[in-house]
Amino acid sequence: VIISANEADADDDGNGNGGGISVTGIDADVTVINGQISGNQGRKGGGFYVQSGGKLNLIGYENPNQSCWQPGSCMQLSDNRSVFGGGFEDTGDNTEVLLYASELSGNRADKGVVGRVTGNASAEIASSIIHHNGMNPANIYSNDALFHIFGNENPTPVLALTAVTIADNSITGRVFDNFHGALEVKSSIVFDEQDVYLESGNTASASYECVIAHETNSFSAGGTVTVVDRSMTPVFVNPNAGNYHLLIDSPAIDYCYEVMGDPGTDLDYDTRGVDNPDVM
């Protein structure tokens, strides 16, 4: 499936939400497998917009024998743009978004370059790579915060990341900007030039477990978090060419695998959370 170069026209209120896909209502349930959602534009949710109890699942593959656009990036959310939530916006009670085995790159926005979660919505991103978002040579978007979690004191929006690599994005704010929301980051890598976390609102919370990051000054790490200087310790095979596979001696290999607790697979169909006997 290719959903590309679409634009959501503004209505009387100035809203044009969901450039590529708009999902609305408790009976709305959309699944895209092995797709490209690219180059779409809207005021909120350039790639897609989900609201009012809708559900959207973007999945890279169903089985290892399924052919796809490109091994390692079977589901692509790329080059979408909006004022809020360049890749997506997820909002409203009981609204759910799942991104699994996906590549997210080249998205742009004023706030929430990759995604924005608001209201009482929840979004889960797993086994995915998020890189080179926010590139904006024309300086049209401010590209503030890679992810924006925006709630009230009650209810609380939730963003959960598991087995995700975040690297080499060009943003002006923090990687995660959390206002009255809940953030969970587990078994992931976060490498960007800007600080990892900004929290505001007395009900905001964040948890990090088995995370490798470029800094921990901006957040109270808790759990198991290791700071790695990429200039001193190589981690990826060839990030300049978009190859974010782990080097054979990468510190991320066999790092704290036991917290995974699920039989999911990564972008190469390999089982996550399996012990490497060569790494102590």
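Because only heavy atoms are used, hydrogens play no part in the values below, and waters and symmetry mates are left out as well, while side chains stay in.
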> Counting heavy atoms not belonging to Ile26, are there more than 12 under 6.0 Å from its CD1?
Replying inline: no
>> Within the supplied structure, the quantity of interest is the number of heavy atoms (other residues, nucleotides, ligands) at a distance under 6.0 Å from Glu193 CD; does it exceed 12?
In response: no
Between [Y] and [X], is there a side-chain donor-acceptor contact under 3.5 Å, judged purely by atom types and distance?
X: Ser231; Y: Asp229; value: yes
X: His132; Y: Ser105; value: no
X: His245; Y: Asp268; value: yes
X: Glu96; Y: Ser122; value: no

Do [X] and [Y] have side-chain heavy atoms sitting under 4.5 Å apart?
X: Val175; Y: Ile171; answer: yes
X: Arg230; Y: Phe236; answer: yes
X: Ile166; Y: Phe176; answer: yes

> Hey, which of Asn107, Asn6, Leu77 is the one that makes side-chain contact (heavy atoms from CB on, under 4.5 Å) with Asn40?
Replying inline: Asn6
> Does the pair Gln76 and Gln70 meet the rule for a side chain to side chain contact (heavy atoms under 4.5 Å, CB included), with working shown?
Replying inline: CA-CA 9 Å; Gln76 300 175 11; Gln70 180 180 338; 4.2 Å; yes
> Aromatic rings Tyr208 and Tyr197: how do their planes relate, parallel, tilted or perpendicular, breaks at 30° and 60°?
Replying inline: perpendicular
>> If you apply the rule side chain to side chain contact (heavy atoms under 4.5 Å, CB included), what do you find for Ile37 with Leu58, and how did you get there?
In response: CA-CA 10 Å; Ile37 303 176; Leu58 301 185; 3.9 Å; yes
> Run the side chain to side chain contact (heavy atoms under 4.5 Å, CB included) check on Ile189 and Leu246 step by step: do they pass?
Replying inline: CA-CA 11 Å; Ile189 300 172; Leu246 300 178; 4.0 Å; yes
> What do the steps show when you test Lys55 against Thr31 for side chain to side chain contact (heavy atoms under 4.5 Å, CB included), and what is the final call?
Replying inline: CA-CA 8 Å; Lys55 294 175 175 57; Thr31 297; over 6 Å; no
> Is there a ring-ring contact (aromatic ring centres under 6.0 Å, His included) between His131 and Tyr244 once you walk through the steps?
Replying inline: CA-CA 9 Å; His131 68 97; Tyr244 287 92; 5.2 Å; yes
